[in-house]
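Single-structure report; data block below.
In what follows, every chain begins at residue 1, and chains take the letters A, B, ... in the order their sequences are listed.
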Number of protein chains: 2
Amino acid sequence: MFDVLYQHILKKVNITPKEWEFITQQCIPKKVRKKQYILQAGDKAEFSIFVTKGCLRSYSVDAAGEEHIVQFALEGWWIGDTSAFLTNEPASFNIDALEDTEVLLFPSEALDAIFDQVPMFERYMRLLLQGNYVAMHKRLVSAISTTAEEKYLRMQKQYPDIMQRVPQHMIASYLGLKPETLSRIRKKLASEK
Amino acid sequence: MFDVLYQHILKKVNITPKEWEFITQQCIPKKVRKKQYILQAGDKAEFSIFVTKGCLRSYSVDAAGEEHIVQFALEGWWIGDTSAFLTNEPASFNIDALEDTEVLLFPSEALDAIFDQVPMFERYMRLLLQGNYVAMHKRLVSAISTTAEEKYLRMQKQYPDIMQRVPQHMIASYLGLKPETLSRIRKKLASEK
DNA sequence: CCAAAGCATTGATCCAGATCAATGCTTTTT
DNA sequence: AAAAAGCATTGATCTGGATCAATGCTTTGG
């Protein structure tokens, strides 16, 4: 299961076998069954999480008790409550498994140690964050300035794999729509072609 | 004007005077007058921009000709069309000055050279990106799952300085609202207290 | 210094998407 | 295999924010 991460890193930067060994020693492999939590709001966000198999989601619950899905993570994705992880405040997001899932857990100190020992890992992380920044920027523009239908079409184009594996009402939540609205949009689109 | 950047870096990491000298040699100081463009959609996004004085905004124009403000940048902020900058595709955002402004321009090769020569600058950038990621995450959650009034209040709390320096209809655009709506929200809030 | 442009405000309507409610699937659970 | 829970769909209605339109106040630039 380490191999998914190894390949992911090699796509961005080169590291030596020794460095790779160091990295593997810093993290904790873990299996999570469907519906189990990896992080709950209020907990300390001890880990950054790399998914090697399966699918996770992070979501917040607002004052009215509504869930808002903020991110999905399939194989090869990082996920975590970055804010809580960095500031050491209690988590404000929940993370749970939508399928039986395997992950690598990186404690904060482990990551810092890796950044110090393996400079190319710091570059890997910077490149990841840059890519992330760009993706989130686009999602934000879409969220602020497009119709429900456009949001749906954009998501279908950008994350066809997620659309296939995740229940429809969660897609709706991710897009900031109600399940009924998404259902009607799908119906309309189906009838149009 | 370099000093704004120097202080900004020192808040995150330590660098030697030699390293700092190297950094200053890689960038191009520039003054931009109010209303002038620094980047226009369709152009090559040659630079990452650090603001040392004044205020910039980036915005996109949608198919219907509507402007959508995506970011403001005051002193001490980085701004640019990161996506276009990284991929070398034509810019899809415009960046112009809301006040007379002074900036430092970093060409792509300059940044890469700095990342190679000054490892702590790569860390500085990673830390910045992480902070950015967190901030944008919050903005996204707010955009997707709160009312117009909540968006306004949140912005007032997070960026009081921007609220003071930027015309109201631009705040509306940044929040994804119409100027009329923002005006009514302000009226209502004023009457409530 | 005056005309013109830009901006905030207010009023009157409209509409995309939310809300409320009911029905018939599929999965889980036991 | 039955009961229960979860999910997608459809219909009827409501509403927050958009749209359209008009007015007066500031900038700004010639």
Side-chain angles (χ1 to χ4, degrees), chain A residues 33-36 55 57 59 61-69 72 94 96-100 141-156 162-192, chain B residues 33-36 55 57 59 61-69 72 94 96-100 141-156 162-192:
Chain A
R33 313 229 43 216
K34 187 170 174 172
K35 293 196 180 176
Q36 279 189 334
C55 179
R57 101 238 233 223
Y59 64 97
V61 179
D62 69 20
E66 292 275 339
E67 284 183 11
H68 301 282
I69 296 185
F72 297 107
N94 306 277
D96 63 8
L98 302 183
E99 309 170 359
D100 292 351
V141 171
S142 161
I144 283 179
S145 61
T146 73
T147 64
E149 182 175 325
E150 286 168 319
K151 283 175 207 171
Y152 174 72
L153 289 172
R154 179 181 168 278
M155 169 141 197
Q156 212 171 33
I162 292 178
M163 303 297 269
Q164 227 115 43
R165 279 164 73 171
V166 163
Q168 198 171 304
H169 71 279
M170 292 194 185
I171 304 286
S173 170
Y174 180 86
L175 294 174
L177 305 175
K178 295 293 145 181
E180 297 94 325
T181 302
L182 185 53
S183 173
R184 283 186 249 264
I185 287 172
R186 283 167 49 86
K187 189 183 177 191
K188 179 176 165 250
L189 289 172
S191 78
E192 275 175 4
Chain B
R33 314 232 39 220
K34 186 171 175 171
K35 294 200 180 174
Q36 277 189 335
C55 179
R57 100 235 232 223
Y59 65 96
V61 179
D62 69 19
E66 291 277 338
E67 282 183 13
H68 301 282
I69 296 184
F72 297 106
N94 306 276
D96 63 10
L98 302 183
E99 309 170 358
D100 292 350
V141 171
S142 161
I144 282 178
S145 61
T146 72
T147 64
E149 182 175 326
E150 286 168 319
K151 283 175 207 172
Y152 175 72
L153 289 171
R154 179 180 169 278
M155 170 142 197
Q156 213 170 32
I162 292 178
M163 303 298 269
Q164 228 115 43
R165 278 164 73 170
V166 164
Q168 199 171 303
H169 72 279
M170 291 194 186
I171 305 286
S173 170
Y174 180 86
L175 293 174
L177 305 175
K178 295 292 144 181
E180 296 95 324
T181 301
L182 185 53
S183 172
R184 283 186 250 262
I185 288 172
R186 284 166 49 87
K187 189 185 179 191
K188 180 179 164 244
L189 289 172
S191 77
E192 274 174 7

Legend entry - Donor-acceptor pair (no angle test) under 3.5 Å: Arg184(A) side chain, dT19(C) base: yes
Inset, instruction - Identify which nucleotide among dT19(C), dA8(D), dG17(D) has an atom closest to any side-chain atom of Ala148(B), counting heavy atoms from C-beta outward. - result: dG17(D)
Inset, instruction - Whole angstrom is fine here: how far is it from CD1 in Ile185(B) over to C1' in dA8(C)? - result: 14 Å
Inset, instruction - Could you tell me whether a side-chain N or O of Asp100(B) sits under 3.5 Å from a main-chain N or O of Lys34(B), the two making a donor and an acceptor? - result: yes
Legend entry - Length of the CD1-C1' vector between Ile171(B) and dA8(C), whole Å: 14 Å
Legend entry - N or O in side chain of Lys187(A) less than 4.0 angstrom from dT9(D) OP1/OP2: no
Legend entry - Ser145(B) side chain vs Ser142(B) backbone, donor-acceptor pair below 3.5 Å: no
Inset, instruction - Give a yes/no on whether any side-chain N or O of His169(B) is located under 4.0 angstrom from OP1 or OP2 of dG6(C). - result: no
Inset, instruction - Find the distance Lys188(A):NZ to dG11(D):P and express it as a whole number of Å. - result: 16 Å
Inset, instruction - Quickly work out the Tyr152(A) OH to dA8(D) C1' distance and round it to whole Å. - result: 13 Å
Inset, instruction - Report the distance from atom CG of Leu177(A) to atom P of dT9(D), rounded to the nearest whole Å. - result: 14 Å
Inset, instruction - Classify the nucleic acid contact of Leu182(B) as base, sugar-phosphate or nothing, counting any heavy atom under 4.0 Å across all strands shown. - result: nothing
Inset, instruction - Name the nucleic acid region contacted by Lys34(A), choosing base, sugar-phosphate or nothing; use a 4.0 angstrom heavy-atom cut-off, strictly under. - result: sugar-phosphate
Legend entry - Passing candidate, side-chain hydrogen bond (donor to acceptor under 3.5 Å, both in side chains) with Tyr152(A), options Arg154(A), Gln156(A), Glu150(A): Gln156(A)
Inset, instruction - Take Val166(A) and Lys151(B), find for each the nucleotide of DNA chain D with the closest heavy atom, and name the residue whose nucleotide sits nearer the 5' end. - result: Val166(A)
Inset, instruction - Round to a whole Å and report the spacing from CG of Leu98(A) to P of dG6(D). - result: 15 Å
Inset, instruction - State which of dA18(C), dA8(C), dT9(C) makes the closest approach to the side chain of Arg186(B). - result: dT9(C)
Legend entry - Value in whole Å for how far the C1' atom of dT9(D) lies from NZ of Lys178(A): 17 Å
Legend entry - For atom CD of Glu180(A) and atom P of dT23(C), their distance in whole Å: 16 Å
Legend entry - Ser183(B) side chain near dT9(C) phosphate (N/O to OP1/OP2, under 4.0 Å): yes
Legend entry - Any donor-acceptor pair under 3.5 Å from Ser183(A) side chain to Pro179(A) backbone: no
Inset, instruction - Check every atom of dT19(D), dG17(C), dT9(D) against the side chain of Gln168(A) and return the nucleotide holding the closest atom. - result: dT9(D)
Legend entry - Distance-only donor-acceptor check, side chains Arg57(A) and Tyr174(A), under 3.5 Å: no
